[in-house]
Amino acid sequence: MRFNFLLLLIALFPLNGLSQEKELFDLIITDENATSQLLPEKMMITQRIFWGEKGILRKTGLAPLNFSNRQKEMKLRRSILKTQQILEYATFGAMIAQVVVGDKYYSGDDSLYKTHKTINTLVNASYFTGTALSLFSPPPIISKKTKGFNSKANKFLSTIHFTAMILTNVVDSDNKKAHKAAAYTAFSTYAAAEIVFKF
Amino acid sequence: MMKKLIFLFFIVNFSYSQSTLMLDKVKSKINYKTKHIFNSWEGVNNDINGVMVYDGVISKIALAVKLIDFDSGNSNRDLQLLESIEILKFPYVKFYSEEIELKGNEITFNGEIEFHGKKKQIKIIAINQTIKNQIKIQGKFQLLLSEFLENIPAFMLFEIENDVTISFELYFDE
């Protein structure tokens with residue numbers, strides 16, 4: 001009887017340590033969640049249309065808003081970001097090629113017309129695909145206020161190179177001077193954005 | 001008699017005769033320092049949760065740090081980092097120790113770190129000081145990300161260094 005009693009007390013001994021650890025953490029952790037909401041307060045309009053609380057994907061039941069789905073969306077967001085980064089490298093490389101070819105073409109080498117057009121297609125495809133991925137990807141976990149010079153500079157430069165890319169295509173055959181100016185603006189701001197970059 | 005003594009011993013052990021000291025959140029901070037092929041940076045967290053059990057000596061310590069509160073001064077980078085370490089699933093990094101040795105002002109914690117759902121035993125050596133009714137613990141240690149993460153976070157397709165330096169300055173109110 002005494003032996004059994006002793007055994008019980010000894011068995012309970014390590015549980016005391018575990019319960020103390022748990023109690024200490026219960027004392028300091030009042031909120032088990034990373035954030036209070038599943039969606040950030042602010043998101044791009046394009047993201048809100050699809051992924052917002054009343055977004056198309058939520059209303060149609062394709063991606064109901066819950067904790068489990070938000071985890072899957074974060075995984076999707078990471079994959080999209082990886083693809084976007086590959087496209088950014090591809091776009092940057094194609095832009096460099098286009099600057100060289102385009103400059104020679106507009107200096108009088110008409111044999112480069114087809115090459116110029118092909119590279120133009122590649123640049124447009126990679127650039128606008130990357131942009132679309134960024135605009136329509138699931139929203140981030142939280143909306144952090146744009147902080148730091150690099151983040152702000154990147155945002156500012158993005159606005160310029162997006163506008164310049166559209167202009168480059170719009171003024172293509174009409175106005176060679178404007179086309180060149182838009183193209184160089186797109187390239188230089190894109191290059192600057194890559195250098196200051198997201199980090 | 002023997003039975004009563006043994007029983008009393010375990011009751012005393014179960015009861016809290018020590019005092020719990022809470023962390024001063026205003027003064028305390030934890031930093032991480034990491035390197036990447038393109039640059040290196042430091043992130044700081046000024047919102048730490050912590051408590052220690054104290055009865056003349058520090059017998060237990062528990063710290064919980066919310067990963068979302070780390071700020072490296074670049075919001076884009078912070079977001080990418082948070083998403084790559086799955087903070088929705090694992091919002092906290094925790095540390096617990098009850099094997100604490102004090103030699104002069106050098107304090108050694110043999111404890112357990114929990115990060116990204118994984119627990120590892122770790123030994124941390126720090127400096128312990130008493131400053132104006134507060135206990136200050138300051139030190140640093142290295143963390144290998146590969147011990148906790150399947151995929152090391154990457155920026156522009158290049159991973160950050162596996163080795164991260166964590167430095168801390170903790171103040172507990174006596």
Side-chain angles (χ1 to χ4, degrees), chain A residues 1-2 5-6 8-10 12-13 15-17 19-35 38 40 67-68 70-75 77-78 81-82 84-86 88-89 138 140-152 154-155 194-199, chain B residues 2-3 6-7 9-11 13-16 20 22-23 36 38-39 41 48-53 59-64 66-69 71-84 86-92 94 96-98 111-112 114 151 153-158 160:
Chain A
M1 178 67 180
R2 182 191 272 187
F5 177 71
L6 223 104
L8 175 71
L9 288 175
I10 291 166
L12 286 171
F13 189 76
L15 284 176
N16 175 46
S19 73
Q20 279 195 2
E21 181 182 343
K22 191 186 176 302
E23 279 191 37
L24 286 179
F25 278 116
D26 284 345
L27 200 63
I28 56 175
I29 298 176
T30 52
D31 177 15
E32 284 289 346
N33 299 314
T35 61
L38 287 173
F67 183 78
S68 166
R70 275 300 274 157
Q71 282 184 273
K72 288 175 191 169
E73 284 168 28
M74 287 301 108
K75 217 174 173 178
R77 203 179 136 79
R78 282 199 304 279
L81 184 68
K82 235 180 192 170
Q84 211 184 324
Q85 286 170 347
I86 294 167
E88 277 177 17
Y89 279 126
I141 292 166
I142 53 163
S143 53
K144 275 206 172 199
K145 195 180 169 189
T146 306
K147 227 182 182 182
F149 168 75
N150 289 7
S151 289
K152 288 180 181 173
N154 188 262
K155 204 174 176 181
E194 289 298 301
I195 292 163
V196 299
F197 190 44
K198 293 162 171 116
F199 69 104
Chain B
M2 187 62 180
K3 201 177 180 176
I6 294 166
F7 190 72
F9 169 73
F10 282 99
I11 292 295
N13 190 53
F14 272 93
S15 68
Y16 287 100
T20 49
M22 301 305 290
L23 188 88
H36 184 269
F38 293 131
N39 63 356
W41 66 87
I48 312 159
N49 303 295
V51 65
M52 70 160 65
V53 176
S59 56
K60 293 177 183 67
I61 189 166
L63 296 168
K66 229 178 184 180
L67 292 162
I68 210 161
D69 293 326
D71 183 1
S72 70
N74 185 317
S75 50
N76 220 333
R77 174 173 60 206
D78 289 341
L79 264 177
Q80 283 192 48
L81 207 56
L82 290 173
E83 288 170 0
S84 65
E86 299 181 281
I87 67 149
L88 277 182
K89 247 168 137 177
F90 313 107
Y92 283 94
K94 297 177 190 174
Y96 179 76
S97 172
E98 55 184 30
E112 190 179 70
E114 186 183 333
N151 302 304
F155 295 93
M156 287 307 278
L157 308 177
F158 291 95
I160 61 174

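Just so we're clear, the structure is a prediction, and the values are computed from it rather than from any experiment.
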**OP:** Name the region of B/Lys66, side chain, backbone, both or neither, that has any atom closer than 4.5 Å to a heavy atom of chain A.
**Re:**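 Only the side chain of B/Lys66 comes within 4.5 Å of chain A.
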**OP:** Below 4.5 Å from any heavy atom of chain A, which atoms of B/Leu79 appear? Answer side chain, backbone, both or neither.
**Re:**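 Side chain only.
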Original post:
Donor-acceptor pair, B/Ser59 side chain versus B/Val53 backbone, under 3.5 Å?
Top reply: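 Confirmed, B/Ser59 side chain pairs with B/Val53 backbone.
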Original post:
Side chain of B/Asp78, backbone of B/Ser72: donor and acceptor closer than 3.5 Å?
Top reply: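 Here the side-chain-to-backbone pair exists.
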**OP:** Could you check whether the rings of B/Phe155 and B/Trp41 sit parallel, tilted or perpendicular, using 30° and 60° as the cut-offs?
**Re:**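 Perpendicular: the ring planes of B/Phe155 and B/Trp41 meet at over 60°.
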**OP:** Report the relative orientation of the aromatic rings in B/Tyr96 and A/Phe25; use parallel for angles under 30°, tilted for 30 to 60°, perpendicular for over 60°.
**Re:**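 Answer is tilted, since the angle falls between 30° and 60°.
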**OP:** Give, as side chain, backbone, both or neither, the part of A/Leu38 having an atom under 4.5 angstrom from any heavy atom of chain B.
**Re:**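 No part of A/Leu38 comes within 4.5 Å of chain B.
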Original post:
What part of A/Arg77 is in contact with chain B, defined as an atom under 4.5 angstrom from a non-hydrogen atom: side chain, backbone, both or neither?
Top reply: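 Answer is side chain: those atoms of A/Arg77 sit under 4.5 Å from chain B.
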Subject >> Residue, of B/Leu67, B/Asp69, B/Asn49, that accumulates the most heavy atom pairs under 4.5 Å with chain A >> reply: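 Looking at each option in turn, the highest pair count goes to B/Asn49.
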**OP:** Heavy atoms only, distances under 4.5 angstrom: which of B/Met52, B/Met22, B/Glu83 has the most pairs with chain A? Name it, please.
**Re:**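 Of the candidates given, the most pairs with chain A belong to B/Glu83.
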Subject >> Within 6.0 angstrom of A/Asp31 CG, more than 12 heavy atoms from elsewhere >> reply: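 Buried by this count: over 12 neighbours within 6.0 Å.
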**OP:** Select, from A/Ile141, A/Ile28, A/Asn33, A/Ile86, the one with the greatest count of heavy-atom pairs under 4.5 Å involving chain B.
**Re:**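 Answer, by heavy-atom pair count under 4.5 Å with chain B: A/Ile28.
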Subject >> Value rounded to 0.5 Å, distance of OH in B/Tyr92 from CG in B/Leu63 >> reply: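 Those atoms lie 12.5 Å apart.
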